[in-house]
Every structure is written in structure tokens, then in C-alpha cells.
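Only heavy atoms go into these numbers, but all of them, side chains included; no hydrogens, no water, no symmetry mates. Ligands are counted one by one from 1 in listed order, and the atoms in each one are counted from 1 as well.
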Amino acid sequence: MDAGPAAGQTLAGRCRHRRGVQARPDPQDRGLSRRCRQAAAAAGRSPYRRRRRAPCPGRHPCALAEPRRSRRHRRFPDRGALRLSRQPLLTVDAALALIGARIAVPAGCETVPVAGAAGRVLARPVLASEALPAADNSAVDGYALHGTGDNACRLVPGRAAAGHPFPHALAAGEAVRILTGAVVPDGTSAVLMQEQALIEGDILRWQGDLRPGANIRRKGEVLRPGEAALPAELRLTPVHLGLLADLGVTEVGVRPRLRVALLSSGDELRPAGAPKAAHQVTDSNRPMLRGFLADLGCEVKDGPILPDDRAAIAQALREAAASADLVITTAGMSVGEEDHIPAILHGEGEMIFHRLALKPGRPMGLGLLGGTPVLGLPGNPGAVAVTFALIGQMLVRHLAGEAPRPLPRYTVPAGFAYEKPAGDRALLPARLNGGKLERVARNAAGNLAWGGDAEGFADIAEATTSIAPGDPVGFIPFAGALR
Ligand SMILES: Nc1nc2c(c(=O)[nH]1)N[C@H]1C(S)=C(S)[C@@H](COP(=O)(O)OP(=O)(O)OC[C@H]3O[C@@H](n4cnc5c(N)ncnc54)[C@H](O)[C@@H]3O)O[C@H]1N2
Ligand code: MOO
């Protein structure tokens, strides 16, 4: 199995300690004519709004903004939506690069006890305050000796054990019993492993060379005082907590918990656990997203289930954006007349990207409202799982102050055949079986029934049109071990 990061799947161009919209131009605005941009800037408006009122000739992204009236009152999708659906789609990698370039990381640092710091992101590096190890000590059970070059030493009474140092120095030709982890007595040149020791009376012998320093872990060989033990921007795992304890660190400076507001929309939705009729749908996206966000250490603010009403959604988005570091919505992101979220972002904020070359998950988008990022995920639960894995969690990690890091991705032999048109990247629930990747579901976008069997996603690149059994295929596992 080839381990390797997904090509290009990092967030490029980190920006730190800033909040809100960046000064850099929106890369998706580069397609606008200079006249459009200047006119918009002069009027203090988004160029999209400017263009909406006086469309430039030809099919152009800035002509694709929201309608001025609610889409509720239209029988058919408006022309803007129809044009939008014909726009060339952004790749996932390009969307991740836009996140790195356009989304500022909220500033701040709080000091927390190490015991409660699992999952938090270090705001500054942790320096070793003491040497690691703190003293020369034995790596094995055996005999500490002061060698003279003739493969024999005289055993002296006593013992060095972990927590119980031998109180005397070894003179030339002397040896003493030692256990793993014990501080080596002064004068020790090497430690002989017990398995290599030949003892006759009080004489210790061995065969072959015993290298000076053998089996001794030297003071400071792992970390010297003042050396960086952990870098800033690291999400702390239990392994790190153990290291911090080892270094005598009791408190660390971490980023504030990310406050994430969750909103779902759709007249058909009922909260989880509530009775529902056949035409109604349980809001399953919310518990799934709440779980993902809790795993990422976020403080989740549950918003209401919103009706398919533009004004109500706009109001809820404004309120959520004012009190959170990130707003995540589900549904209402496609091109139908009840898909209001892109239009609200175009009209009242900014759309950084919308619609990706990704299946499932194409309708997703990212915008800014009052400077707060708004991640619009599709409604279909399977698509929410895919888009959160590829984009959502990367955005959350970025906002939480984590250093950019690609998703774990491996190349494995396919155990299935698959065909698709070139254009969209396809993510298919899958699991490893006998070293080959198997698909576990056919229609996975609209449900989560594959969740019991899948271990991750088969990842099929945009340009790929066919996979035959045995071909190399990407695998993105759900679990990144010790991450
Ligand atoms: N003409 C086009 N139509 C559609 C396209 C397209 O490109 N052109 N894309 C399709 C794709 S792909 C998806 S995905 C959907 C997503 O659209 P929306 O984001 O606008 O979502 P809705 O239409 O509102 O809902 C889709 C589906 O998901 C169910 N849903 C919604 N919220 C939840 C929830 N919280 N928990 C569980 N299930 C939920 C909803 O009932 C619908 O069945 O658009 C396609 N159309
Ligand atoms: O991309 Mo949609 O997300 O297939 O269902």
C-alpha cells in the first residue's frame, strides 16, 4: 500500500491572526472586467451586485447573482441559476487553496491544563524546560560495567534499578547489576545485555565487541533544554499529552475553541426523534455534523431547522454569523427555486466558491457574511459526509489554527470496476478486503446506510473515466490513526 498525501490537498497561503475578509482580491473575481470591479469598488458594493443590475454582455460569472425577488414566487429557476449550472466547476484542490488564501484564522490564545488539552491546537510551541532523558540511563536489563578491553569485569554487590540509583561510581574493571530505566552509575562505559552475560562466581564475561556507550540512553539525547518539543499549530493527541507530562509541563497555550453554528433548512425536515409523515425527512445531517465538529473540539451552537423561506434563512444566517467563527448550513445550495443560500451570500456577503467538480457534493459552496465564513453543504446526507471529509474538516482545522496537512490517502488496488465521465472527482464508500478496495454501496449520496460497512472513500480523480479491477485507486480512510 502506498502511503501518501492526496496531491495538492493542502490549504495554500496561510494567513494568521486576522479576522474577516482578506485584502487580497477574490481569485474568482479575476474573471470580472476591470471596469466592473472599479465600478463596484467605487459604489462600495460587491462586483456581483453591480453586475446584477447592469449585466455585462455575454455569459460571465458576475452576471450570475441572485434574483431581486424571492425564488418562492417563481415557477421556474431564474436565468442566473440556469447559467450558473453551466459554469466550469472548481476542483476540490482549487477550493482548498481558496480557503488557505481567503479565510482568516481567528486570533487568540488561552492557557489550559495539559490534562484537559487533548484535541486543542497549540497556539505557540512548547519548549523543553529540562533534558530528556534527565540522566544517562540503561535501555536494557543487564550489567553496567567499566570496561578495560578484555571482555571480563568483576561484579560488585548491589544493584541499580529504576528509581533506585546505585550510590557508588564504578572503578575500572568493575560491573554491577542494572535494570531498564535505571540511572547508570558514574564510571559506566557500557551496559551488557543480560542475554549476553556469562557469570562465573563474581566474574562477568561476554563474547565479541561491546561498543562504548552500548545500551545507554544519554541525558538530553532526545531533547535538550530550550529545544522545541512540540510546534505551534499542532492538534494535541494523547501521545502529545504524555510527552508534555514527561517534560514536566502542566499548562499549555492553545487556540480558543472554534464556535460553529449549525443550521439546516428544508420544509420537509423534522428534528431527530420527532414523529414524521411519509413526506417528511429526519434532520440526520445535524447529529452527523455535530459529531464531526465535537471530534474536532468545536463548540457547537445548534440553530433551528429553517423553512424554505429566503427572508427567514437570511435572518438566521446573519444572527449565526454574528456570534460564531463559522456557520455551517445544509441543503438549499443547488440551483432550484428553493435553494436560497448562494443567493443570500452573493447579495449580502460574498461567495468565495460555489459548486465543485465533485460527486457527490457538487452544490457545496463557501462564502462570507459579515466577515464570518459560511460553509454551505448540500442536503443529501451522503454528500454531507463527503463534503465535510474533503472540505469541511479542512476548513475547521484551518480556522482552529492547525498547520495545513493533507488528508491521509493511500493508493491501493481496486477490487471493482467503475466508469464515469471525465470532469467530477468521485468519492465512493469503500472498504479494504484482502488488500483490495471494495465498494460497499451503489447510491450513497442520499443516505448514510453505507456507514456500517465503509472504512473510507475510494477517491477517483476528475480526469479518470474508468477503473478496472486491479487498477491503482485512491483510498481515503475515515480514521487517521493517532491524529
Ligand atoms: N438541476 C440540478 N439539480 C440538482 C443538482 C444540480 O447540479 N443541478 N445537484 C443535485 C445534487 S448533487 C444535490 S446533492 C442536491 C442538493 O441540493 P441542495 O443542497 O439544494 O439540497 P436540497 O435540495 O434542499 O436537499 C437535497 C436532499 O437532501 C435532503 N435533506 C436536506 N436536508 C437534510 C437534512 N438536514 N437531513 C437529512 N436529509 C436532508 C432533502 O430532503 C433532499 O432529499 O441537489 C441536486 N439537484
Ligand atoms: O452531489 Mo449530490 O451531492 O450527489 O447528491
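At distances below 3.5 Å, at least one donor-acceptor pair connects side-chain atoms of W450 with backbone N or O atoms of A444. T282 contributes no side-chain N or O that, together with a main-chain N or O of S284, makes up a donor-acceptor pair within less than 3.5 Å. A side-chain donor-acceptor contact under 3.5 Å links D339 to the backbone of V335.
In this structure, of G365, P363, G361, S265, the residue bringing a heavy atom nearest to atom 11 (C) of ligand 1 is P363. Among S334, P342, A272, the residue whose heavy atom sits closest to atom 9 (N) of ligand 1 is S334.
Considering backbone and side-chain atoms together, K359 places no N or O closer than 3.5 Å to any N or O of ligand 1. Taking any N or O of R286, backbone or side chain, none lies under 3.5 Å from an N or O belonging to ligand 1. Taking only nitrogen or oxygen atoms, main chain and side chain alike, G379 reaches within less than 3.5 Å of ligand 1. Checking only distances, D339 does come within under 3.5 Å of ligand 1, N or O to N or O. For the pair G332 and ligand 1, the shortest N or O to N or O distance falls below 3.5 Å.
Checked for salt-bridge contact, R257 and E110 miss the test: no charged N lies under 4.0 Å from a carboxylate O. Salt-bridge formation is detected for the pair E438/R431: a Lys NZ or Arg NE/NH1/NH2 atom is positioned less than 4.0 Å from an Asp or Glu carboxylate oxygen.
Using a 4.5 Å heavy-atom threshold, the side chains of L293 and F388 count as touching. Counting only heavy atoms from C-beta outward, the side chains of R235 and R405 never approach each other to under 4.5 Å. Side-chain contact between Q280 and P275: absent, with no pair of heavy atoms (C-beta onward) separated by less than 4.5 Å.
Residue contact check: M333 has heavy atoms under 4.0 Å from atoms 18 (P), 19 (O), 20 (O) of ligand 1. Per-residue contacts place V335 under 4.0 angstrom from the following atoms of ligand 1 (heavy atoms of the residue considered): 1 (N), 2 (C), 8 (N). Numbered from 1 in the order shown, with element, the atoms of ligand 1 that lie under 4.0 Å from a heavy atom of E268 read 31 (C), 40 (C), 41 (O). Close approach of ligand 1 to P378 is summarised as follows: ligand atoms under 4.0 Å from at least one heavy atom of the residue are 14 (S), 19 (O). Counting the atoms of ligand 1 from 1 in the order shown, those under 4.0 Å from a heavy atom of R355 are 7 (O). Those atoms of ligand 1 that come under 4.0 Å of a heavy atom in V281, given as number and element, are 37 (C), 38 (N), 41 (O). Within ligand 1, the atoms closer than 4.0 Å to a non-hydrogen atom of T282 are 36 (N), 37 (C), numbered from 1 in the order shown. For ligand 1, the atoms lying closer than 4.0 Å to a non-hydrogen atom of S284 are 36 (N), 37 (C).
Of all the heavy atoms of N380, the ones lying under 4.0 Å from any atom of ligand 1 are found in both the backbone and the side chain. Within the 4.0 Å heavy-atom criterion, both parts of A331, backbone and side chain, lie near ligand 1.
Paired with L236 under the rule side-chain contact (heavy atoms from CB on, under 4.5 Å), one option of V252, V121, L243 passes, and it is V252. For the side-chain contact (heavy atoms from CB on, under 4.5 Å) with I352, the qualifying choice from L368, I99, L375, L345 is L368, the only one to do so.
Using a 3.5 Å distance cut-off with no hydrogens or angles, the side chains of S264 and D283 do pair a donor with an acceptor.
How far CD1 of I328 is from CG of L366: 10.0 Å, rounded to the nearest 0.5 Å. Taking OG1 of T329 as the reference point, atom CE of M364 lies at 9.0 Å (rounded to 0.5 Å).
The closest approach between a heavy atom of P381 and any atom of ligand 1 is below 4.0 Å.
Closest approach of A357 and G423 over heavy atoms only: CB-O, 3.3 Å.
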Donor-acceptor pairs under 3.5 Å, side chain of residues 462-472 to any protein atom, not counting sequence neighbours: which ones?
residue	atom	partner	partner atom	Å
D471	OD2	A468	N	2.8

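Closer than 4.0 angstrom to ligand 2 sit non-hydrogen atoms from P360, G361, R362, P363, N380, A383, A445.
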